[in-house]
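Accompanying notes for the structure given below.
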There are 2 protein chains.
Amino acid sequence: MLTERQKMILKVIVNNYIQLAEPVGSRALSKHSDIGYSPATIRNEMADLEEMGFLEQPHTSAGRIPSHKGYRYYVDYLISPEETQISKENITDFQKVFTDQFIEMEQTLEQAASVLSKITNYTSIILGPEIYQTKLRHIQIVPLNEHNLVAILVTNTGKVQHKSITISDGGSAYEIEKIVNFLNEKLTGIPLYQLKSKLMQEINQEFQRNEQLYGQMMNITHHLFRDEHEYKENKLFLSGTTNILNQPEFSDVHTIKEILTLFEKSDDVIQLIKPSENGKTGIEVKIGTENTVEAASNCSVITATYEMEGNPIGTIGIFGPTRMDYKKMISILDFLSKDFNNFISRLYKG
Amino acid sequence: MLTERQKMILKVIVNNYIQLAEPVGSRALSKHSDIGYSPATIRNEMADLEEMGFLEQPHTSAGRIPSHKGYRYYVDYLISPEETQISKENITDFQKVFTDQFIEMEQTLEQAASVLSKITNYTSIILGPEIYQTKLRHIQIVPLNEHNLVAILVTNTGKVQHKSITISDGGSAYEIEKIVNFLNEKLTGIPLYQLKSKLMQEINQEFQRNEQLYGQMMNITHHLFRDEHEYKENKLFLSGTTNILNQPEFSDVHTIKEILTLFEKSDDVIQLIKPSENGKTGIEVKIGTENTVEAASNCSVITATYEMEGNPIGTIGIFGPTRMDYKKMISILDFLSKDFNNFISRLYKG
DNA sequence: TATTAGCACTCATCATCAACGAGTGCTAAT
DNA sequence: ATTAGCACTCGTTGATGATGAGTGCTAATA
């Protein structure tokens, strides 16, 4: 479709624009070492590239900048894998995060997000593990006072979730202990998303005769799952949200506000980094309007999935302007996701 | 020090500027219903007020704006308490947060911060309760796998704190149970900040003979308190951080960035809203450079403390431009902190 | 003596205008 | 097929002047 020369020109334009954020003109291209043609020749090619939709002109007397289509082509065809090499400093940065010193998943994710945003100077987004991959390890109920309990769930990933419960009649310590024992016996190893149905089922079987305990249990269950989405939604970790302020294209308060408020809406952020096709692994790049979120139409998102036992369970993403250093970002994400996979399998294989 | 007329003029200027964010001139003042003087008279007074440092002139041909000193005088002497009345809608907004439906302290604080920022259109900052007012209610240890444990602390405020621990030898379920029972027996009711010393003491007394358990306990204790500050630092809740983007005085990317990055540094934020004199309760207003934090030198912070059993345990603050609606903010904060005191005493008196 | 009308002066804002130059598209020469 | 040459476009920059809000001062007024 594109001639070799056109590819080369497009590539140089994108690289140039990514670095300097300024439209690049034929003269500058002609000077570039890889290109041995006069400005006039290049102008012709550029006109063709524009006609085909790969380039845009901010105004007549400016150079060209890549269009979304241009970036897309660049990412799909013009980045050679051997070019995408992560630097050694970055590698050691990540390795500090994934020490074998056990820290729980959530903390690790938070640290990874922080390092990622610092390295890239963009905003990093990490979507926590799908909750239905996690199983209940332990459940505990602690009475606070007459009418208030705290229920605590511990999962096999070391995540601790708790929930306050108010009941009219607190019940005796003995009763509570009995209930806790029962819950642990019956529910350990059950995936969180099945917890409620499994629990209801067990209650019905076990406590049919004992009305007192039955009511108690139903009450607790009810409160425990009052906000059921808590056990389904996976947590988001954002870092470096103010980094876009460093980008020259975001110098206008209105667009800044648009993006910063976008970051505050978890749903939109998740929408942004959710893999477009389910089950597809590997790096994905969404450029400009390919993002279904309005406010991000001048931004790009690069995502990678991470896995547990071969199944993708979460996503790591980098959010930045469409004029993003795709080469570098892809290599960093590629490395990080693989490193992260190792980390997970090392820790949670049991 | 100031004549009545000067006070009146200063007051009208501040009110005016707070509302419109534009320097106010003698002509506009003269038109104001409360003032029956000609522009010329007012000009003379304004010149005096400027000389005394209460007003500033952005440039020769502009009106005057209040200086920090002017705001200070306004806040200290020109706001009549009967004027500071909170609206009914705002009251019901808060009451929704403080339902008797038990939710734990942290969640309540988070919600309160959210409502506060929405009502005020400024940034709200809430500093969680001093940790040394909270006592241990329950401690639990859950083994995840051979080498990893999760320790869970529940406090009397319903706060659940957990910590992952890696040990070389996991120990038997029996041992763990024994340890847990021991810990609960000995540590329940102990203030968190005393936890470590108390624990060490008990370990020495109890396990001198049993070397196996002694090592185990010391190991756990060590990990539990590895980051001791976790039990000392009180948590911060920020909400509405992007609200400053609505203020016309923050239209420049550089200052925006300065403030947004300030919000990311907990230490600075705490510094910002910590009461200047310890033990002093009630509303406090810090204007402009009275804030010791550099980036906030064009901002004001209004804070109120909240109490538990008569002792101040935390702070609620509103962060905005020096051109802030002090009257309204003070009344809102006053109401909220009192409401919050009631809420706390209702819940945690036991 | 306190107030005010009058007036010259200051200065930010805005629109206009021309010079500049980076970059283009097209044509004709190579 | 490539390129030199050239007219043209258009954003940027800086100068200029008009406008007008607001001031400070002086002299008149109550």
Side-chain angles (χ1 to χ4, degrees), chain A residues 2-10 12-17 19-67 70 248-249 251-252 323, chain B residues 2-10 12-17 19-67 70 248-249 251-252 323:
Chain A
L2 290 190
T3 67
E4 282 309 312
R5 193 167 68 187
Q6 284 172 330
K7 284 184 196 174
M8 156 163 285
I9 289 174
L10 178 56
V12 176
I13 289 178
V14 174
N15 280 333
N16 227 296
Y17 185 65
Q19 271 220 295
L20 303 173
E22 260 160 32
V24 4
S26 56
R27 223 178 89 87
L29 281 174
S30 161
K31 274 191 208 146
H32 190 279
S33 56
D34 290 359
I35 301 185
Y37 299 96
S38 75
T41 313
I42 292 165
R43 275 204 289 282
N44 288 327
E45 294 286 32
M46 290 206 295
D48 289 350
L49 282 168
E50 183 174 1
E51 207 170 332
M52 287 187 278
F54 293 102
L55 297 178
E56 283 170 0
Q57 224 174 351
H59 55 85
T60 338
S61 70
R64 303 295 209 295
I65 63 174
S67 66
E249 47 263 74
S251 58
D252 153 57
R323 184 188 65 79
Chain B
L2 290 191
T3 67
E4 282 309 311
R5 192 166 68 186
Q6 286 173 329
K7 286 185 194 173
M8 158 163 284
I9 289 174
L10 178 56
V12 175
I13 289 178
V14 174
N15 280 332
N16 226 296
Y17 186 65
Q19 270 218 296
L20 302 174
E22 261 160 33
V24 3
S26 56
R27 221 177 91 86
L29 281 173
S30 161
K31 276 191 205 146
H32 190 280
S33 56
D34 289 1
I35 302 185
Y37 297 96
S38 76
T41 313
I42 292 165
R43 274 204 291 282
N44 287 328
E45 295 286 32
M46 290 206 295
D48 288 352
L49 283 168
E50 182 174 1
E51 207 170 333
M52 288 187 275
F54 293 103
L55 296 179
E56 282 171 2
Q57 224 173 350
H59 54 88
T60 339
S61 69
R64 302 298 208 294
I65 63 174
S67 66
E249 47 264 74
S251 57
D252 153 57
R323 184 189 64 79

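To find a chain, count down the sequence lines: A is the first, B the second, and so on, and within it residues start at 1.
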Legend entry - First of B:Ser61 and B:Ala40 reached from the 5' end of DNA chain D, by closest nucleotide: B:Ser61

Rounded off to whole Å, could you give me the [atom1]-to-[atom2] distance for the [X] and [N] pair?
X: B:Asp48; N: C:dT3; atom1: CG; atom2: P; answer: 12 Å
X: A:Glu22; N: C:dA22; atom1: CD; atom2: C1'; answer: 11 Å
X: B:Gln57; N: C:dC9; atom1: CD; atom2: C1'; answer: 13 Å
X: A:His59; N: C:dG21; atom1: NE2; atom2: P; answer: 16 Å
X: A:Arg43; N: C:dA28; atom1: CZ; atom2: P; answer: 16 Å

Inset, instruction - Could you tell me whether the phosphate oxygens of C:dT3, OP1 or OP2, come under 4.0 Å of any side-chain nitrogen or oxygen in B:Arg5? - result: yes

How far apart are the closest heavy atoms of [X] and [Y], and which atoms are they?
X: A:Ile13; Y: A:Arg64; answer: CG2-O, 4.2 Å
X: B:Ile65; Y: B:Tyr17; answer: CG2-CE1, 3.5 Å
X: B:Tyr37; Y: B:Ile42; answer: O-CD1, 3.7 Å
X: B:Ser26; Y: B:Arg43; answer: OG-NH1, 3.2 Å
X: A:Gln57; Y: A:Ala62; answer: NE2-O, 3.5 Å
X: B:Leu49; Y: B:Gln6; answer: CD1-O, 4.0 Å

Inset, instruction - Counting Watson-Crick and G-U wobble pairs only, both distances under 3.5 Å, name the nucleotide matched with C:dA28, or none. - result: D:dT3

Inset, instruction - Would you mind pulling out the nucleotide paired to C:dA18, Watson-Crick or G-U wobble, both distances under 3.5 Å? - result: D:dT13

Legend entry - Upstream residue (5' side of DNA chain C) when B:Gly36 and A:Gly63 are each assigned their closest nucleotide: B:Gly36

Legend entry - Segment of DNA chain D, first to last nucleotide, that comes within the 4.0 Å heavy-atom reach of chain A: D:dT2 to D:dG11

Legend entry - Sugar-phosphate only, base, or nothing, as touched by A:Ala62 at under 4.0 Å among non-hydrogen atoms: sugar-phosphate

Legend entry - Spatial distance of atom NZ (A:Lys7) from atom CG (A:Leu10) [nearest 0.5 Å]: 10.5 Å

